[in-house]
2 protein chains.
Amino acid sequence: MIRVLVVEDDPTTAQAHAQYLGRLPGFALAGIATTGSAALRLISESTREGADGIDLVLLDMHLPDMDGLEVCRSIRSARLTIDVIAITAVRDLPVVREAISVGIVQYLIKPFGYPAFVEKLESFASYHGRLTDPATPTTQAAVDSALASLRSTAPGQLPKGLAADTLGAVTALLARADVAWSATELSDHLGLSRVTARRYLEHLAGIGQAARESRHGGSGRPEIEYRWRR
Amino acid sequence: MIRVLVVEDDPTTAQAHAQYLGRLPGFALAGIATTGSAALRLISESTREGADGIDLVLLDMHLPDMDGLEVCRSIRSARLTIDVIAITAVRDLPVVREAISVGIVQYLIKPFGYPAFVEKLESFASYHGRLTDPATPTTQAAVDSALASLRSTAPGQLPKGLAADTLGAVTALLARADVAWSATELSDHLGLSRVTARRYLEHLAGIGQAARESRHGGSGRPEIEYRWRR
DNA sequence: GGCCCCGTGAACAGTATGAACACAAGCAGC
DNA sequence: GCTGCTTGTGTTCATACTGTTCACGGGGCC
């Protein structure tokens, strides 16, 4: 059984993660913390004699009192061998790099659905099982294979008709600045047709990642613009 | 260029690692340290204004003054985003787990030969290149794929279905110029079928050696082009 | 020789894309 | 208000490329 601490400032989201966890066999909820200091207190309590230890932390990077990276550093300097899965809405490569460098084992970008959640936790379970099994030999091959199970690449589920590459290009442009794009503007910029740009923008609006607004003023039918939601 | 610091208590072994590094294009030796404190001093000097930063540390776990894990923790608490490859003769699973938890990206067990060394550093170069490339979109798929390039495939062993000489022909053509090839173009040029060309190009994309892009514009489903990654 | 394994490509079903088009929503003039 | 005009939306469908399956041929090994 892998005991998991959920750290997330929004109570609703924290509950959702806890419920996701409840549906997964092999995992047990060890607690919920809504601040970084609460998380560190729960963790230090769990290391006491007789208490059930915590194996894994689902750690939101955005917390009211301190940065998620800071929480992770505190865990490390306390010499606790607790694994961390980072969860964040921040789309910033340097943050990803830093998170990996402080030893997070998985990186989940919000918003995500149950399948993405399951994939990350299952792969962690596989990794954890290998490295805690005393029968595992300490050979280069065994270590490589354990790391591989952690970093296995699984195909992300996209609706039919959408390509991961194109979606990546659209989100990269949209998320870069706080400006709203119309389908036509985006298509000009990326070398796509308006129809295709619209398809991807509508998808992002559908999953709540983009907000739709009407651009009034000129003559003719108003233009619809899409703004990235953080 | 990836700047590397070699940390190893035995001078002969340290020299050997530095020589291995010298034979690898894309990497530069930033220094050699034989103790933990010397390593930390070199690292803190390298972060000064005007100095060349250190990107990667080849860190032996066994050092005269302090544990390699302790060196790693010090780097973390100094908030430096420096990646670490652990090198050790210790065959102990808990040490492996703890090393991974403090954020090492690769784990090399001594003794190892040049091929194993190359494999670990090349896969790191691929990972590093992806996460420092500003063109990389911050999507779940991109992060997963960057992490996947850290996953090592056993040295010299190709996935089943791929032949070494065919792969050689493909990489030779791809790497020659900075143009992107579609699977069909490549197959025409090499006298292969499109299916086979695609297999090898997908393999290169999977290990991060090629970048995939969609070629939009014309009518019909877009063509995927593959560009060599340096 | 008989057997098995593996790299290859022909064939085919599936799927991202954009040209074309019918329609909808605003504005201006009366 | 109604009418016309202008501009962008939303949908359909041909299209070209993708991704997968499966049979073949050649090479190593009992």
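A, B, ... follow the sequence lines: proteins, then strands. Residue 1 opens every chain. Note: hydrogens, waters and symmetry copies are ignored here, and every other heavy atom, side chains too, is used.
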Between [N] atom [atom2] and [X] atom [atom1], what is the distance in whole Å?
X: His203(A); N: dG10(D); atom1: NE2; atom2: C1'; value: 19 Å
X: Lys160(A); N: dC17(D); atom1: NZ; atom2: P; value: 21 Å
X: Glu185(B); N: dC17(D); atom1: CD; atom2: P; value: 10 Å
X: Leu201(A); N: dA16(C); atom1: CG; atom2: P; value: 17 Å
X: Leu162(B); N: dG7(C); atom1: CG; atom2: P; value: 7 Å
X: Glu225(B); N: dT18(D); atom1: CD; atom2: P; value: 11 Å
X: His216(B); N: dA19(C); atom1: NE2; atom2: C1'; value: 16 Å
X: Glu223(A); N: dT6(D); atom1: CD; atom2: C1'; value: 13 Å

*asked:* A quick test of your reading: do over 12 heavy atoms of other residues, nucleotides or ligands sit less than 6.0 Å from CD of Glu202(A)?
replied: yes
*Taking atom CD of Gln15(B) as the centre, does the number of heavy atoms from other residues, nucleotides or ligands within less than 6.0 Å exceed 12?*
no
*Hey, which of Glu185(A), Gln209(A), Arg212(A) is the one that makes side chain to side chain contact (heavy atoms under 4.5 Å, CB included) with Tyr226(A)?*
Arg212(A)
_Base, sugar-phosphate or nothing for Thr166(B)? Non-hydrogen atoms, less than 4.0 Å._
sugar-phosphate
*Closest nucleotide of DNA chain D for Gly220(A) versus for Val195(A): which of these residues is on the 5' side?*
Gly220(A)
_5' priority, DNA chain D, between Arg212(A) and Ile224(B) [closest heavy atom]_ = Arg212(A)
For [N], take OP1 and OP2 only and decide whether either is under 4.0 Å from a side-chain N or O of [X].
X: Ser219(A); N: dA28(C); value: no
X: Arg215(B); N: dG18(C); value: no
X: Tyr200(A); N: dA16(C); value: no
X: Thr196(A); N: dG18(C); value: yes
X: Arg199(A); N: dT17(C); value: no

*For the side chain of Arg229(B) and the backbone of Ser126(B), is there at least one donor-acceptor N/O pair under 3.5 Å apart?*
no
*Please check if the side chain of Arg215(B) supplies one atom and the backbone of Glu223(B) the other of a donor-acceptor pair under 3.5 Å.*
no
*Report the nucleotide, chosen from dG26(C), dT17(C), dG19(D), that has the shortest atom-to-atom distance to any side-chain atom of Arg194(B).*
dG19(D)
*Base of dT15(C) paired with side chain of Arg221(B) (donor-acceptor, under 3.5 Å)*: yes
_Whichever of Pro222(B) and Ser214(A) has its nearest DNA chain C nucleotide further upstream toward 5'_ = Pro222(B)
